[in-house]
Amino acid sequence: MAMETFPQRPSSQPLVQLHDVKVHFTVRKGLFGSESVHAVDGVTLDIGAGEVVAVVGESGSGKTTLGRAALGLIRVTEGHVSFDNTEITALSQKEQKAFRRRSAAIFQDPFASIDPYMTAYESVAEPLVIHGIGSDSERRERVFQALHDVRLRPAQEIAGKYPDLLSGGQRQRLSIARALVLQPQFIVADEPVSMVDASSRAELLALLRELQERFNIAFLYITHDIATARYFAQRIVVMYLGCVVEMGEAADVVRNPMHPYTQALIAAVPEPDPANRLHQRPSLPGEPPSPVNAPSGCSFHPRCASFMAGRCELTTPRLLEVEPNHFVACFLHEGSDAYQN
Amino acid sequence: MNTANALRELLRSGPGFGGVSLLGLLIVVALYVLLVFPLDFGESQWSNPIVWVDNPKAVPPAWTNSLRPEARPLHRVFEGTEPHTVQMARSGPVHSWRFPLNYASSHPPTFLAVTLADVTYAERPPLVLISLKRPDGKQLRIYRHTVRGPREGESGPFSRYGQTPLRVQLSTDEATVTAVQNFLADEFDLRLDGAQIGGRVDRFLFGVPTGDSEEAFAPLTGDYEIIVQAAMREEGDSVGKVRFVVGGAVFGLMGTDSLGRDLARGLLFGVPVALFIGIISALMSTAIGTSLGIASGYLGGRADITIQRISDIVANVPVLPLLIFMLFIVGPSLWMIIVILVIFGWPGLTIQIRSMVLHVRTNQLVEAIQSLGASRRRVMFRHILPQITPYVFAQLIFGAPAAILSEAGLSFLGLGDPSIPTWGQILEAGFRTGGIYLGYWWWIVPPGLCIVITALTFMLLGLGIEPVVNPRLRRSPP
Amino acid sequence: MSLFRPLLVRSLTMVGVFFVVLLMLVLTLGLTGFSDRILAATIGEQLRAERTALAETIRDPDEMEKVLEKRREELEIFYGLRTPWYYRLPRTALRVLTLDLGEARSLRSFDGSNRVFDIVTERVPNSMLLLTTSFIITAIIGIVGGSYLATRQGSWLDRFVSGFAAVSYAIPTWWIGILFILILSIQLRILPSGGMYSTPPPTEPLPRFFDLVSHALLPVITLVLVSFGPSIYSIRTITLNIAQEDHVKIARAKGLPESRVRLRHILRVAAPPIVTGLLFGLAGSLSGSILVETVFNWQGMGRLYYDALAGTPDENVIVALTFIFTLMYVAIRIVLEVLYVFLDPRVRYTD
């Protein structure tokens, strides 16, 4: 793949840099055979300090794997991930612990990601315990500050409760508090609101945004919902089967989606107008194919409304800067130079 | 967290309540035994024949009398230290002890024995005389003994029968036989020779002739008196202890074995031992099984494969032959039994725990905790372990009966630790010496029942705990 | 071809079991100095024999001692007693593997041989007879009872069997055997208390057979009594679990007759796990039969253990028994595992 097409943000040195990251899983098949699944297949992405980048895609697009790779929770097959100019793929145990202190994660399932055998207080204090930060009284202060920050009230009462007595929304606030208590510079939030009641979703998102601004935390916000991405993120990255298909300023991508897949995603967003309730919205035909046997060429071609036979199924389009800071991987926007390499 | 709730739930279920109350009972008994019995009970008492010498051999418990039409004689032991009366005679002071005996059985006693201990005298040895006074007013002297005199070169005061008391089995004592012979001739005009009397002294002493034949005697019930007299030569001479045993055909709460050992005491001592074996080996194999299971499930990769292969193999080893072999080689010791039980006891749990950990591991918790920077050890023991603890606890309880039964089986094969009596060993003795073929049920049934009750206690506890534990287990979503 | 992998894994596990046991035997013997003692005893015996032979030719006692000392040296080198035990380890393992098991101290085979191999192998059929009979009876009771109970879930009978199964785990099999002897043989005198044949044994084939049956009755009943509860219970649970699966509901919804649903849709699917359960039960009954043979003086390998342990222990016999027991167990397991893999198509996916 040609180097010159890697997009570079013009701003100062980014906090997190993903460079041509590939994550392949091996699947055993038969007695001796095995096959590799390309969950993430060459993603390059920078996140500046205090910047919010949203990764949007359907399930199976590799967005969650990308998030795990960004936190070093999973081994990268190829490419590099660095944090504050330090390669995190090759850290010693001690260095990795230092990195964990400056990063955090918020997971999708508030029921599964919190230890059911710890009180709310213990859960939030756990990172402080792990990193040996503060005396008992300092920890206490920080835990209650975090509980206060995520508006778990009354903090005194909630602190002593076990998670099974908390609602989904409260649990998710708890996991946000746990992520915040170390005052990290970078948080990967993997669908943090998708499993919460619809009623508290907006509130939670507003809270995340407020905290992000207040503490100037860089976010990798992973979601399947392009609407919340637009609300929360400054930039949007659209992924399909392990590859970035479109990337740009959030407002640009939503207002002017260039990739047919992005266009389909946006078209599928319900509009908050009761008059449109029964209106048949255009939907993406078919299911996303399994990454085990990704289609040839542009992997989106079997579902694409603008499929060009003899081209899309044969060659893979490259990610090109079509407008300033707006990248698309689609032959519709590639022009004649697609044939030149 | 809800320990109180869990306990309440446990007590509400039938098996749970049964298990808890039985365990409570066993623990109380075990504590009593630990307080009252010497810790070296096995060596100092159980395997020491001297302790049991005055007991009747292989007789059923005393309470069996109430199940039979005719009562068999109870075992009676009379002991005296200070003399009951002291009279002055020409030769010196005469110390006497009088033991009243109400005899109500329709059988004669099984034996008569006398023991003298701690005799001291200044110059000349005392003379000890024992007489029996019968309900029909007849009285005869059945034993006469002069304490051993000074040896050459020995100087007084002399003490005798201190370390090894003098014990005489009157039923076979020659002098007693002669005394009885004379008694029968004088009182009943019966002339029997020594061979006819020897060993059967008791039936003549405690009976009257029926007249059917020379040797036909019917027991004479009523109030007897055993009179022990010691004729001293000097003021200050003394007999420290006098003991007279009228051997019964029933004994105590649980009867005796063929060595005269009080089975009740052996059975009681077995309680703490069985609890110890069950709990310690279950604890140790659960600890190993759980740690390896967690490690296997959590670490994955080569560690997982290695642990799985090893536990597969160990789980499939036929355990009993190897147990027998190793115990035979290294010699029987309770610790060795426990160690070997543990060595072969962990794999089942490892395999189960591993699959549970795999289930727990796939949920986001582990990843969430890792992302906080927790070490593997912390994730395994602080976060995964608590989630499977209830299950592990139930398995721990189910592990105890298996260990208890294994120890019993090994003891039954003669591989038990001889210094620590267990129920299995009591059974083994009963089996090896042919007790079962003689129908000595009191020797065979109670120890087995003890094993079953103890094992059942843990089974019931486990059954009671499982439903309490299970919903908690299912709560964490897949 | 996909059958190959599970077959390989299972067989390898059992072969692993076999070698682990062999290794443990040899290592324990060596590490504890036990093999040294056995060898020294063997040499001592041989020298004693030679001394009597030599006494014919050599008169001078000093001369005799010298010759014998030289002979001892030769023998010690021959048996490897002069080298550390681990040098002998491969040879010991090989000897055991080739069933060269030495000679017994005091035990003899029925026809008087003192070769351990003869003593042990003549007991194998007796053990197998007891083991397989009770295993088959338990399996039949388990399958019939279990699949019946699955249709009566929650009934008093169901609860009774569950309770009975739990109690079974708490009962030592051999003690039940002793109770049987106490009640049926000693008190009521209905059945013989032990042995395999009356003395003298009947010579006619048919009376002989019935004599064997009457002697086998108590041990078999003992073994079955303690294992059939758990067997019924586990088969009932397996069957119940499968009865709740969707394909069974669909079969019922299609209106298939209940008997057909039960046979084709439940029992056939339940067969493999049931067989697995029974297989694991086999290991248990193997241990159980050692003790039950002892109690009933059944002339099998288990009773041989007891005899070899009693009095002056017969080391060679104990080593050989442990080895042959494992060998037998592993062989049965491999055969059953192979059958099992062919029986259950789903095995191919696991592992």
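Letters A, B, ... are given to chains in the order of the sequence lines, protein chains preceding strands, and every chain is numbered from 1. Here the structure is a predicted model, which means the values were calculated and not measured.
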Nearest heavy-atom neighbours spanning Phe325(B) and Met24(C): CE2-O, 4.4 Å
Which pair of heavy atoms, one from Pro318(B) and one from Val17(C), lies closest together, and at what distance? CD-CG1, 4.4 Å
Region of [X] that comes under 4.5 Å of a non-hydrogen atom in chain C:
X         : result
Val330(B) : side chain
Leu415(B) : side chain
Ile436(B) : both
Leu456(B) : both
Leu449(B) : both
Ile324(B) : side chain

Side-chain (Trp175(C)) to main-chain (Gly409(B)) donor-acceptor, under 3.5 angstrom: no
Does the pair Val317(B) and Tyr329(C) meet the rule for a side chain to side chain contact (heavy atoms under 4.5 Å, CB included), with working shown? CA-CA 9 Å; Val317(B) 165; Tyr329(C) 174 73; over 6 Å; no
Is it the backbone or the side chain of [X] that comes under 4.5 Å from a heavy atom of chain B, or both, or neither?
X         : answer
Val330(C) : neither
Ile171(C) : both
Tyr305(C) : side chain
Thr32(C)  : side chain
Leu25(C)  : both

Would you indicate whether Phe160(C), at its atom CZ, is surrounded by more than 12 heavy atoms from other residues, nucleotides or ligands within a distance under 6.0 Å? no
Please tell me if the side chains of [X] and [Y] come closer than 4.5 Å, counting only heavy atoms from C-beta onward.
X         : Y         : result
Tyr306(C) : Phe431(B) : yes
Leu405(B) : Trp174(C) : no
Tyr437(B) : Ser193(C) : yes
Ile186(C) : Trp441(B) : no
Val445(B) : Leu182(C) : yes
Phe412(B) : Ile178(C) : yes

Quick check on the interface: out of Leu12(C), Thr28(C), Ile176(C), Thr173(C), who has the most heavy-atom pairs with chain B under 4.5 Å? Thr28(C)
Note: vs chain B, highest number of non-hydrogen pairs under 4.5 angstrom among Ser185(C), Ala166(C), Ala170(C) is Ala170(C)
Kindly determine whether Ile444(B) and Ile181(C) satisfy side chain to side chain contact (heavy atoms under 4.5 Å, CB included), including the steps that lead there. CA-CA 11 Å; Ile444(B) 301 295; Ile181(C) 293 180; over 6 Å; no
Taking it one step at a time, do Phe328(B) and Val319(C) satisfy side chain to side chain contact (heavy atoms under 4.5 Å, CB included)? CA-CA 10 Å; Phe328(B) 168 67; Val319(C) 175; over 6 Å; no
Please identify which of these residues, Val21(C), Ile318(C), Ile290(C), meets the side chain to side chain contact (heavy atoms under 4.5 Å, CB included) condition with Pro321(B). Ile290(C)
Toward chain C: residues of residues 335-347 of chain B with heavy atoms under 4.5 Å: Phe344(B)
